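Single-structure report; data block below.
Nothing here was measured: the structure is a model prediction, and the numbers come from that model. Chain letters run A, B, ... following the sequence lines, proteins first, then strands; residues in each count from 1. Quick note: numbers below take in every heavy atom, side chains included, and nothing from hydrogens, waters or symmetry partners.
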Number of protein chains: 2
Amino acid sequence: MNLSPLIDELIESFRCLPGVGPKSAQRMALQLLERNRPGAARLSQALDTALASVGHCAQCRTLTEEPLCRVCSSDKRDDSLCCVVETPGDVYAIEQAGSYRGLYFVLMGHLSPIDGIGPDELGLDALFSRVESGKVKELIIACNPTIEGDATAYYIADNLKGQDIIVSRIAHGIPVGGELEYVDGGTLSHALAGRKRLAGGAQGE
Amino acid sequence: MNLSPLIDELIESFRCLPGVGPKSAQRMALQLLERNRPGAARLSQALDTALASVGHCAQCRTLTEEPLCRVCSSDKRDDSLCCVVETPGDVYAIEQAGSYRGLYFVLMGHLSPIDGIGPDELGLDALFSRVESGKVKELIIACNPTIEGDATAYYIADNLKGQDIIVSRIAHGIPVGGELEYVDGGTLSHALAGRKRLAGGAQGE
């Protein structure tokens with residue numbers, strides 16, 4: 001029996017959230033209406049405001065309500081470092097880790113010709129001209145270690161050959177706190193291939 | 001670094017949803033803004049409409065945008081049966097099971113003196129006067145099998161002693177598809193105490 005079209009529409013609307021199936025959506029809708037109407041009103045208001053105001057940073061393309069995001073417009077960041085990530089969520093993750101002091105460039109995706117996502121969609125022209133302008137000394141590529149992320153990383157590195165700039169990629173290996181026994185084979189291979197010399201022999205490359 | 005007050009407010013607003021922690025809330029906010037703005041607009045609209053229109057059914061107290069909910073106003077339901085549940089979510093669950101054809105009464109909670117929830121808050125006067133009006137022949141109590149749910153069930157049954165009405169409680173036992181080995185002790189005790197005779201001896205009670 002169709003109990004209430006308005007509640008059904010609300011349940012259906014919650015399905016747009018990542019990781020929310022029919023049961024969770026129903027629980028969210030009913031719980032808000034039963035017990036937390038101020039919370040529901042606040043959520044609706046926050047959605048409206050964010051939708052109306054949040055756009056992309058003119059320099060790094062991350063999500064922000066200002067013309068330049070707070071990282072790009074800060075004078076406390078090291079503008080000789082630029083970290084290339086796939087999504088604004090990656091920027092949040094790196095900022096929350098708290099050890100990086102450089103700037104970002106957000107691709108808003110990865111190369112995926114099958115979905116029609118090429119260099120133009122990722123704003124790579126803007127990235128390359130930012131590099132050519134000369135401030136950036138090191139470009140740290142932090143694309144995800146997937147096939148598309150790898151392809152994107154190689155494409156960027158390839159296009160910057162011959163430029164006077166270091167292009168690096170963040171390390172892939174065993175997560176801190178992880179146990180070797182439970183780590184998948186691909187990660188182990190990366191960890192072995194990326195091993196670092198601790199002592200003995202000639203130092204460094 | 002505080003990246004964006006508007007996005008932070010949106011993330012914080014998502015925390016009002018049940019089962020949503022800081023990481024999920026961040027993922028929801030960023031994913032909607034990056035990839036599904038129409039979905040976000042629809043969610044905001046559905047929240048506003050539901051908040052403005054959804055109230056309680058005058059007869060059974062469930063959530064509905066109409067004066068009487070669709071179950072109470074239907075002429076295809078058996079009005080001699082009334083099922084007492086704690087929340088509108090319980091009504092959804094029973095309706096989705098699809099085998100019940102009677103009406104409901106929604107307590108919107110359970111007796112919990114420590115939280116100030118007594119018989120008045122649960123609308124028990126309305127329930128008792130509905131029983132006294134005479135249409136209901138059987139009251140099926142489907143409160144949750146918790147301490148508070150049990151207390152609520154006993155309170156209702158106790159107050160209806162002497163009335164010409166059957167008061168029953170839904171069965172507690174092994175869930176269909178459950179394995180005996182993995183069922184907790186309380187459920188097993190209930191299942192044993194509530195056993196039904198299949199053959200032999202005198203029939204019935």
Side-chain angles (χ1 to χ4, degrees), chain A residues 1-7 9-20 24 26-34 36-54 62-66 69-71 74 76-77 87-89 91-93 95-96 98 108-109, chain B residues 1-7 9-20 24 26-34 36-54 62-66 69-71 74 76-77 87-89 91-93 95-96 98 108-109:
Chain A
M1 180 155 204
N2 185 333
L3 291 170
S4 153
L6 290 187
I7 300 177
E9 164 63 15
L10 182 57
I11 293 172
E12 198 50 39
S13 303
F14 272 120
R15 296 288 305 280
C16 73
L17 298 175
V20 174
S24 311
Q26 180 176 311
R27 190 163 152 241
M28 288 172 171
L30 294 175
Q31 179 147 330
L32 283 190
L33 287 173
E34 271 172 63
N36 196 355
R37 291 188 174 225
R42 179 181 175 191
L43 175 57
S44 164
Q45 180 64 47
L47 280 167
D48 283 341
T49 316
L51 282 175
S53 311
V54 173
T62 196
L63 291 168
T64 176
E65 64 266 35
E66 288 151 39
C69 76
R70 296 198 168 190
V71 175
S74 165
K76 296 196 178 121
R77 309 288 298 212
T87 67
V91 174
Y92 271 80
E95 285 301 298
Q96 280 157 8
M108 302 299 292
Chain B
M1 180 154 205
N2 185 333
L3 291 170
S4 154
L6 290 188
I7 300 177
E9 165 63 13
L10 183 57
I11 293 171
E12 198 51 40
S13 303
F14 272 119
R15 297 288 305 278
C16 73
L17 298 175
V20 174
S24 310
Q26 182 176 310
R27 192 163 152 241
M28 287 172 171
L30 294 175
Q31 179 147 329
L32 283 190
L33 287 173
E34 270 172 63
N36 195 357
R37 291 189 173 225
R42 179 182 174 191
L43 175 58
S44 164
Q45 180 64 47
L47 280 166
D48 283 341
T49 316
L51 283 175
S53 309
V54 172
T62 196
L63 291 167
T64 176
E65 64 266 36
E66 289 151 40
C69 77
R70 298 199 166 190
V71 175
S74 166
K76 296 197 177 119
R77 310 287 298 211
T87 67
V91 174
Y92 272 79
E95 286 300 298
Q96 279 157 8
M108 304 297 293

Heavy-atom pair count under 4.5 Å with chain B, highest-scoring of [options]:
options: A:N36, A:L32, A:L33, A:V91; answer: A:L33
options: A:T62, A:I7, A:V20, A:T49; answer: A:I7
options: A:E34, A:Q31, A:E12; answer: A:E34
options: A:G98, A:P88, A:S24; answer: A:P88
options: A:C69, A:P18, A:C16, A:A50; answer: A:P18

Where [X] and [Y] come nearest, the two heavy atoms and their spacing:
X: A:E65; Y: B:L6; value: OE2-N, 3.1 Å
X: A:N2; Y: B:R70; value: O-CD, 3.1 Å
X: B:G89; Y: A:Q26; value: O-NE2, 4.2 Å
X: A:L63; Y: B:R37; value: CD2-NH2, 4.1 Å

Quiz prompt | Contacting region of A:P5 [heavy-atom separation from chain B under 4.5 Å] | solution =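 Both parts, heavy atoms under 4.5 Å.
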Practice problem: Let me know if A:Q96 has heavy atoms under 4.5 Å from chain B in its side chain, its backbone, both or neither. | Solution: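 Side chain only.
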Quiz item: Can you tell if the side chain of A:T64 reaches within under 4.5 Å of the side chain of B:L3, non-hydrogen atoms only?
Solution: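 They are not in side-chain contact.
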Quiz prompt | Test side-chain hydrogen bond (donor to acceptor under 3.5 Å, both in side chains) applied to A:D48 - qualifying residues, sequence neighbours left out | solution =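 In terms of side-chain hydrogen bond (donor to acceptor under 3.5 Å, both in side chains), with neighbours along the sequence ignored, A:D48 is linked to B:S44.
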Quiz item: Got a sec, which residues hit side chain to side chain contact (heavy atoms under 4.5 Å, CB included) with A:E9, two or more places apart in sequence or on another chain?
Solution: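 Only A:S13, B:R42, B:A46 meet the side chain to side chain contact (heavy atoms under 4.5 Å, CB included) criterion with A:E9.
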Exercise. Calculate, to the nearest 0.5 Å, the distance between atoms CG and CE belonging to B:L47 and A:M28 respectively.
Key: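 The CG atom of B:L47 sits 11.5 Å away from the CE atom of A:M28.
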Practice problem: Drop me the distance from B:L43's CG to A:L51's CG, to the nearest 0.5 angstrom. | Solution: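 One finds 9.5 Å between CG of B:L43 and CG of A:L51.
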Exercise. Identify which part of B:A29 has an atom lying under 4.5 Å from any heavy atom of chain A, answering side chain, backbone, both or neither.
Key: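 Neither part.
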